[in-house]
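Please read the structure below before turning to the comments.
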Number of protein chains: 2
Amino acid sequence: MSRPTLRDVAARAGVSTAAASLALRGLPGVSPSTRDTVLDAAGTLGYVVNVSARNLRRRRTDTIGIYLPQGTTLQWYYADFAVGVSNAAGERGVAALILPQHGDPRPFLAHVDGIVTVDVRTTDPLARAVLGAGREIVTGEHVPEGQPQPDGIVFVDHEREMTGLLRHLEQRGSTSIGVLLPPEDTAWGIEVARAARRFAAESTVEVHEAPVSFSPETEEIQAACATLPAGVDAIVAVPDGTATSVAGVLRSRGQRIPEDVRLASYTDSQSDRLLDPPVTAIDLRPSEFGARCGQLLLDLLEGAAVPREQQLDVEFRPRAATN
Amino acid sequence: MSRPTLRDVAARAGVSTAAASLALRGLPGVSPSTRDTVLDAAGTLGYVVNVSARNLRRRRTDTIGIYLPQGTTLQWYYADFAVGVSNAAGERGVAALILPQHGDPRPFLAHVDGIVTVDVRTTDPLARAVLGAGREIVTGEHVPEGQPQPDGIVFVDHEREMTGLLRHLEQRGSTSIGVLLPPEDTAWGIEVARAARRFAAESTVEVHEAPVSFSPETEEIQAACATLPAGVDAIVAVPDGTATSVAGVLRSRGQRIPEDVRLASYTDSQSDRLLDPPVTAIDLRPSEFGARCGQLLLDLLEGAAVPREQQLDVEFRPRAATN
DNA sequence: TTGAAAGCGGTACCAG
DNA sequence: CTGGTACCGCTTTCAA
């Protein structure tokens, strides 16, 4: 036997489908007695609404998509972001779809009312396809120029945060700072790099850049560290998870943290907290970030009058590695 | 103007909707010329199929749900698992929904044709609701007795793997091994604990158990380590990410890895690889695991004749921390 | 090969 | 408040 339909429930309750529909959704327009009968019938029949039929009729899916940047490995930060989106949507009765990272996400765009994405990379052609899909879209962080722009943005002031982190190191006494920078193909990457250069120009501290990829593996991080001058007395590891590898490099060189070299991570993650000594970092609050993006998207879809650009406050976490 | 429908495409191409439908799906039953005209019309109109209508008619959603165990924080392992499911589904044209971890997942079960979940905890009432939802379901790992059983299972032989890991430590010369064990409310937790006890009974090695929670934080791990006898010369950290904290504890005690204490992680993760020295671990291949679960679910939904229980092979990764 | 038409299961409008 | 009914857009028979 297939699943019971609204007609079945209505028949059992002896009312019209219209009344049954209203009763089940808790809307006014039915007498309390009718409503009870319907709820009762639905309960005993085990009625569950057919989502496809409802979606067709309402002309929306109550589903949003999450598109995460492509990388060889899923970084902790993005996983947390996705969970934030999912939970925020769930609280408002909306489901969250993960758009596949391999292959073409476009076929799945038809499933969703809108899309949340984060850290749009100019070098990702699929991201461009997602942005240009003609659906309501909210991005975490700004979208670099030259790409289709989203309907809503939640962003962090990375220039301010990075500057604050460098200043913290300066105050602790560092005079030569190595910075492991991600590619400048995201707004975030661009802002962090700009902050580093501006700081170098405006202070007496030396700043040495070492470029790494978006999602670097250990070997690459080791190689990047090797390009830094021997005299650096602090290192800022920007991409998620990078600080752990840097700590390994320093230890294998016999350099103590923080006595010989201070270590900071731009993107706070579990491993930064768990390392010994724990690493100073910016808590970018990815889960909250995702939640805010999800909420903004839902607000926009509802046509609510909300600011289309919203700033997320993040938290500086000084820890023992920069004492 | 709202999105063009199949009728619009058919009208523009001068054919029936039936023909247009067949042509767009590449099915036989239309002449090549008709097909070209339809494809052309669809292209210029920017036609995209209405997923809700298709789903309603086909009586399926081409969407599967992913239910991850609830914990305060999302572990790396589960994030990877979810990505594996999503990509496997995506390759077969099926979307993947993340069922919200906070709040009630039940309203969203109606969105999906089937569900993939992993490490079902007997202590999670929502997991029970998901299992008993009457939908096709595949679990990663067996479901502990007393719960509704799934339609398909992909599992790892944890007893064998854990035994192999302990034997490796024994061969390296360890005689007193501390094991940080997760709660025995999952099949995985039960099997690992059983292996540890059996190994203790059948070898001359001392095995000291220290229970930790499903998703322990640093403080808890430190406390658990403190309960181990001072003489342990090896520690196996079972839950994902735990080894990083243990390494910190050992270092702060001035114990070297591996000279004083060997360190192994049961659940290989990024941080295990990045630590210095890198930590020996079992690579449980979570992404592959998720993919296999997703494929099995889709096979079952298609009615394919496939084994309902499938074993996943995992990889032992000996690294410097147990030299 | 082609077109007409009957649903899929709700929702929302209508007159009563 | 109530019941009847058109319709959302696609898929799939069934005749022609």
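Between C:dG3 and B:Ser16, a contact under 4.0 Å exists linking OP1 or OP2 to a side-chain N or O.
Side-chain contact, B:Arg25 with B:Ser21: a donor N or O sits under 3.5 Å from an acceptor N or O. When only modelled atom types and interatomic distance are considered, B:Asp124 and B:Tyr67 share a side-chain donor-acceptor pair under 3.5 Å. For the residue pair A:Asp80/A:Ser287, the side-chain donor-acceptor check at 3.5 Å is not satisfied. Remark: the A:Thr34 side chain and the A:Thr37 side chain contain no N/O donor-acceptor pair separated by less than 3.5 Å. Side-chain contact of A:Thr61 with A:Asp113: a donor-acceptor pair under 3.5 Å is present, judged by distance alone. No side-chain donor from either of A:Tyr78 and A:Asp240 sits under 3.5 Å from a side-chain acceptor of the other.
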For nucleotides 6-8 of chain C, list the nitrogen or oxygen atoms of the protein found under 3.5 Å from its nitrogen or oxygen atoms, one pair per line.
from	atom 1	to	atom 2	distance (Å)
C:dG7	N2	B:Arg57	NH1	3.0
C:dG7	N3	B:Arg57	NH1	3.3

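Under a 4.0 Å N-O distance rule, the pair A:Arg92/A:Asp299 qualifies as a salt bridge.
Applying the salt bridge (charged side-chain N to carboxylate O under 4.0 Å, His left out) test to residues at least two apart or on different chains, the pairs with a partner in residues 54-64 of chain B are B:Arg58-B:Asp62, B:Arg60-B:Asp62.
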Inset, instruction - Go through A:Val143 and A:Thr117 one step at a time and tell me if the side chain to side chain contact (heavy atoms under 4.5 Å, CB included) criterion holds. - result: CA-CA 10 Å; A:Val143 174; A:Thr117 185; over 6 Å; no
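Considering only residues two or more places apart in sequence or on other chains, B:Glu309 meets the side chain to side chain contact (heavy atoms under 4.5 Å, CB included) condition with B:His142, B:Ile153, B:Phe155.
In this structure, A:Leu6 atom CG and C:dT11 atom P are separated by 7 Å, rounded to whole Å.
Five base pairs at each end of the helix from C:dT1-D:dA16 to C:dG16-D:dC1 define two local axes, and these are offset by 40° (rounded to 10°).
Counting only heavy atoms from C-beta outward, the side chains of B:Leu56 and A:Asn50 approach each other to under 4.5 Å. At least one side-chain heavy atom of B:Leu297 sits less than 4.5 Å from a side-chain heavy atom of B:Glu136.
In this structure, A:Thr34 reaches the sugar-phosphate backbone alone: every heavy-atom distance under 4.0 Å involves primed, P, OP1 or OP2 atoms, never a base.
Between B:Val51 and A:Gly14, the residue anchored nearer the 5' end of DNA chain D, judged by the nucleotide with its closest heavy atom, is A:Gly14. Comparing B:Ala18 and A:Val49 by the nucleotide of DNA chain C whose heavy atom lies nearest to each, the residue mapping closer to the 5' end is B:Ala18.
Within residues 20-29 of chain A, the residues that have a heavy atom under 4.0 Å from DNA chain C are, in order of number, A:Ser21, A:Arg25.
Of all nucleotides in DNA chain D having an atom under 4.0 Å from a heavy atom of chain B, the first and last in 5' to 3' order are D:dG9 to D:dT12.
A:Phe214 carries A:Arg121 over the face of its six-membered ring, with the cationic atom under 6.0 Å from the centre and within 45° of the normal.
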